[in-house]
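In this text the structure is predicted, and so the values were computed from the model without any measurement. The chains referred to below are lettered A, B, ... by the order of the sequence lines, with proteins before strands, and numbering in each begins at 1. When reading the values below, keep in mind they use all heavy atoms of this one structure, side chains included, and skip hydrogens, waters and symmetry mates.
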There are 2 protein chains.
Amino acid sequence: MGLRKKVSLAVVKRLPRYYRYLSDLLKVDITRISSKELSMRMGITASQIRQDLNCFGGFGQQGYGYNVEYLYKEIGSILGLNNNYQAVIIGAGNMGQALANYENFEKRGFKIAGIFDVDPELIGTRIKGIEVTHMDKLEEFMQKTKIDIGILCVPYEQTPAVAERLARLGIKGLWNFSPMDLKLPYDVIIENVHLSDSLMVLGYKLNEYKEMKKNKKEQKT
Amino acid sequence: MGLRKKVSLAVVKRLPRYYRYLSDLLKVDITRISSKELSMRMGITASQIRQDLNCFGGFGQQGYGYNVEYLYKEIGSILGLNNNYQAVIIGAGNMGQALANYENFEKRGFKIAGIFDVDPELIGTRIKGIEVTHMDKLEEFMQKTKIDIGILCVPYEQTPAVAERLARLGIKGLWNFSPMDLKLPYDVIIENVHLSDSLMVLGYKLNEYKEMKKNKKEQKT
DNA sequence: TAGATTGTTAATCGATTAACAATC
DNA sequence: TAGATTGTTAATCGATTAACAATC
């Protein structure tokens, strides 16, 4: 895999969606698909699908379309799902527990290798077979285990300090669940899950829809 | 509030971020801010901030900038945070519990009015004071309580059926945590939280970064 | 071979940035 | 008033869509 032009984030964000749809096709034993057919299922243009895929290579065949299994595997590889990324969850509260129990991640090649917290009530308990360990042991743990990803589920106030601590320990990526933008003086890749942002966008759309309806009514009178 | 041109989703998705930054400014008693200053804090252009805000109205003042509290409240109102939206959580597993316990939502004007599940172990238990009720009682509950939003935290297979059931009961919006795109023959606004998509994007970025570094090394030799 | 469908170039559309007159 | 900064128009940039030659 040589130098390849930087792919835009818009394209990258669509890849997991392709991956899901291809997975669904495999489940119902569809072995080939054209960009046209896929575009109809996904509600996007065939052109966009072909453009997106061609950022990474020519996975299709003229006159035939795409082999579903092949394309599925290729996208999986592009998404780094074969890398066996190891993760630690920091914060074993509700969200940390929910994530630890989420089957999908392991299925996608992300392994939870450790769970940390400071609450004495939680230390020593097991979540999905993994013992919750005290944060004091974090450095020790990360020295002897190769960890790629830190999953941040700690309270808002603690988040910046914990993020920095993980960065100093050489973490490569952070999956951040706190409603803030992390700024770190390290080469760390940050992916945010801003749940309340998402909820507010829903709030906006509900509002917009309500007004649209009201305006329609007013037009009639 | 009259007819206003449809605002692009790109702009809408930035609103919660503005809202967060303004909230932070308020916390440290900053009462006014220019688009320039805000742009530096947020890492975007001042031009974009002004363009974004002017989709909704002229909230600033020439020579002065923006009044933080006023702008904060305006954006809150645009996001529908004054609407006192009522929500039900469907699925009281880890994710449902995590969301029920998440303080931020109530603070943003979203109220959890009910939690439903089918697991006899869970029925009758209380989460943040709200009793987990059996799904059989959902129709009854929604007839006597005005509910705007359904929060879907049920297993993958159940999701489409539950979504349809809520839609039939007149739900206005769905906040979907299953890794699938809901298609409903109703006027329901859907906002997805695709956690595994987000994780895969992180996987992609880690991959990309690794290759970038490798290429740099190869260039040197 | 003829038909189908890709990969890719060109055209269009939309979003971001720059510039500046309006105005506090 | 002079200085600052907005609101808004114009220019640029990037992403999406359309078109079609290449080719299976």
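- Contact between B:Tyr156 and B:Met180 at its shortest, heavy atoms only, is O-CE, 3.2 Å.
- A cation-pi arrangement, defined by a distance under 6.0 Å to the six-membered ring centre and an angle within 45 degrees of its axis, is present between B:Arg32 and B:Tyr64.
- Listed in residue order, the members of residues 34-46 of chain A having a heavy atom less than 4.0 Å from DNA chain C are A:Ser34, A:Ser35.
- Contact of the A:His194 side chain with the B:Arg20 side chain is registered, since non-hydrogen atoms from C-beta on lie closer than 4.5 Å.
- If you find the closest nucleotide of DNA chain D to A:Ala10 and to A:Gln61, the one lying nearer the 5' end belongs to A:Ala10.
- Contact check for A:Ile149 versus A:Ile171: no side-chain heavy atoms found under the 4.5 Å cut-off.
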Q.
Quick one, B:Ile78 with A:Asn207, criterion side-chain contact (heavy atoms from CB on, under 4.5 Å). Give me CA distance, side-chain angles, the key distance, then yes/no.
A. CA-CA 8 Å; B:Ile78 292 163; A:Asn207 232 8; 5.9 Å; no
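- For DNA chain D, the stems formed by at least three consecutive Watson-Crick or G-U pairs, with both atom-pair distances below 3.5 Å, span C:3-24 with D:3-24.
- Within the 4.5 Å cutoff, side-chain heavy atoms of A:Arg168 are placed close to those of A:Arg165.
- Summarising the local packing, NZ of A:Lys213 is surrounded by 12 or fewer heavy atoms from other residues, nucleotides or ligands at distances under 6.0 Å.
- If you check the side chains of B:Tyr102 and A:Asn94, you find no donor sitting under 3.5 Å from an acceptor.
- Sequence order on DNA chain C of the closest nucleotides to A:Tyr64 and B:Val11 puts A:Tyr64 first from the 5' end.
- The outermost nucleotides of DNA chain C lying under 4.0 Å from heavy atoms of chain B, listed 5' to 3', are C:dA15 to C:dC24.
- Of all the heavy atoms in A:Pro179 and A:Ser196, the pair that sits closest is CB-OG, 3.9 Å.
- Panel note: side chain A:Asp148, backbone A:Gln86; a donor-acceptor pair is recorded below 3.5 Å.
- Residue A:Arg14 is the one, among A:Arg14 and A:Gln62, whose nearest nucleotide of DNA chain D lies closer to the 5' end (criterion: closest heavy atom).
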